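Below is one structure; the comments refer to it alone.
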2 protein chains.
Amino acid sequence: MDIARSPQQLGAILRRYRKKGSMTQTDVAAKTQLRQATISALESGEVGTRLKTLTDVLAALDLELVVQPRRKSLPSEIEDLI
Amino acid sequence: MDIARSPQQLGAILRRYRKKGSMTQTDVAAKTQLRQATISALESGEVGTRLKTLTDVLAALDLELVVQPRRKSLPSEIEDLI
DNA sequence: TGGCTTTATGCGCCATAGCGTATATGTGGC
DNA sequence: GCCACATATACGCTATGGCGCATAAAGCCA
C-alpha cells in the first residue's frame, strides 16, 4: 500500500516508485536540481525535509498526493514499529 | 478533490479539512505542539515547511496521505494557475 | 575477489523554519 | 459601528535543511 502517515513511510514509498522506474537517486537529483544526498535524506525519512523538496521529487517520479481521512489500518501501525 | 501536487494545494486541502472539523488554527496548534503561526504558514502553502510539521497536522486532523501515479488532470493544472 | 555503480556521510556555509512573544488585520455576529 | 474570535505578521533567536565538494560504505555482478 502507498499510505503514508510519517516521513519514514513516505520515504519508503518514494524509494519504491523510484526503483520501479529504474532510476537512481542521482537521476532524480538531476531532474529536480537537488543533490543526490538530499534525495537520500528524503528517502530515509528525515523529518525536517522541506515540502518543496517532496513535491519536486513527486513531480520527477510523476506522482501525486491524495489526502484522505485515516482508515483503520492495523498493518500501517505495525509498520510504524519497524 | 483532495489531490495535491504543490505545497499550496496541500495547504488548501488541510484548511478545508480543518474547517470541516470545526477547528481553529489555534486548536490544531495545541494538538500538535506547534504555534498557530506555523499552522497558518502551512495552510498558506509555504514551500519550506517541514515534513514533520505536515505529518503532525495530518495526525491532528486524522488524515493520511496516499501516493499515486499522476492522473491526467486538466482541472488540477488549471488550479495551479489560481 | 575485484571493480563499477549506487547510496550514505562528512564539513563548512548560508538561508530559513519554528520558537516565544506580541501585535495587526480580518471576519462574523449583535 | 462594536466587539470577540480567528488568522496573518513581526522581531530576535536557535536549530537545521540544502548547498558544493568530497569520500566512505554498500550493493552488485562478472
Side-chain angles (χ1 to χ4, degrees), chain A residues 1-2 4-65 67 69 79-82, chain B residues 2 4-65 67 69-70 79-82:
Chain A
M1 279 289 269
D2 296 327
R5 297 186 179 182
S6 67
Q8 289 75 24
Q9 294 173 342
L10 203 44
I13 293 171
L14 293 177
R15 173 165 291 171
R16 235 186 24 252
Y17 270 109
R18 173 177 60 78
K19 289 187 173 172
K20 185 182 290 185
S22 303
M23 301 177 68
T24 67
Q25 291 183 347
T26 306
D27 292 334
V28 176
K31 266 198 165 187
T32 55
Q33 306 272 52
L34 294 167
R35 293 184 315 147
Q36 173 263 320
T38 302
I39 309 300
S40 171
L42 172 60
E43 291 186 354
S44 299
E46 304 263 318
V47 295
T49 306
R50 295 174 183 168
L51 276 194
K52 182 73 168 53
T53 301
L54 170 62
T55 54
D56 283 353
V57 171
L58 286 172
L61 299 179
D62 206 43
L63 299 172
E64 64 190 7
L65 294 177
V67 181
E79 200 173 350
D80 278 339
L81 304 176
I82 303 174
Chain B
D2 296 326
R5 297 185 180 182
S6 68
Q8 289 75 25
Q9 294 173 343
L10 202 45
I13 293 171
L14 294 176
R15 173 165 291 170
R16 228 177 39 245
Y17 271 108
R18 174 177 59 78
K19 289 187 174 175
K20 185 183 289 185
S22 304
M23 300 178 69
T24 66
Q25 291 182 347
T26 306
D27 291 335
V28 176
K31 266 198 165 187
T32 55
Q33 305 272 53
L34 295 167
R35 293 183 315 147
Q36 173 261 321
T38 301
I39 309 300
S40 170
L42 171 61
E43 291 186 354
S44 300
E46 304 262 319
V47 295
T49 306
R50 294 174 185 170
L51 276 194
K52 181 75 166 53
T53 302
L54 170 61
T55 54
D56 283 353
V57 170
L58 286 171
L61 298 178
D62 205 44
L63 300 172
E64 64 189 8
L65 294 177
V67 180
R70 292 195 174 196
E79 200 172 351
D80 278 339
L81 305 176
I82 305 176

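Just so it is clear, the structure is predicted and the values come from calculations on it, not from any experiment. Atoms considered below: every heavy atom in the structure, side chains included; atoms not considered: hydrogens, waters and symmetry mates. Chain identifiers are assigned alphabetically (A, B, ...) following the order of the sequence lines, protein sequences preceding nucleic acid strands; residue numbering begins at 1 within each chain.
With hydrogens and angles left out, the side-chain atoms of B:Asp27 and B:Thr24 include a donor and acceptor closer than 3.5 Å.
Using a 4.5 Å cut-off on side-chain heavy atoms (C-beta onward), B:Ile13 and B:Arg16 make contact.
Put simply, CD1 on B:Ile39 and OG1 on B:Thr53 are 8.0 Å apart, with the number rounded to the nearest 0.5 Å. Taking CG of A:Leu63 as the start and OG1 of A:Thr55 as the end, the distance is 12.0 Å to the nearest 0.5 Å. Taken from OG1 in B:Thr32 to CG in B:Leu54, the straight-line distance is 11.5 Å, to the nearest 0.5 Å.
Between the CZ atom of A:Arg50 and the P atom of C:dA17 there is a distance of 6 Å, rounded to whole Å. Taking atom CD of residue A:Glu46 and atom C1' of nucleotide C:dG10, one finds them 13 Å apart after rounding to whole Å. Separating the CD atom of A:Glu43 from the P atom of D:dG18 is a distance of 13 Å, rounded to the nearest angstrom. If you measure from atom CG of B:Leu51 to atom C1' of C:dA17, you get 13 Å, rounded to the nearest angstrom. B:Asp56 has its CG atom 14 Å from the C1' atom of C:dA17, to the nearest Å.
In this structure, the side chain of B:Arg70 does not engage the main chain of A:Glu64 through any donor-acceptor pair within 3.5 Å. Judged purely by atom type and a 3.5 angstrom limit, B:Gln8 uses its side chain to pair as donor or acceptor with the backbone of B:Gly45. Formation of a donor-acceptor pair under 3.5 Å by the B:Gln9 side chain with backbone atoms of B:Arg5 is found in this model.
Distances shown here put every side-chain N or O of B:Thr53 at or beyond 4.0 Å from the OP1 or OP2 atom of C:dA17.
Of the residues in residues 32-41 of chain A, those with a non-hydrogen atom less than 4.0 angstrom from any atom of DNA chain D are A:Gln33, A:Leu34, A:Arg35, A:Thr38. For the segment residues 14-31 of chain A, no residue has any heavy atom less than 4.0 angstrom from an atom of DNA chain D.
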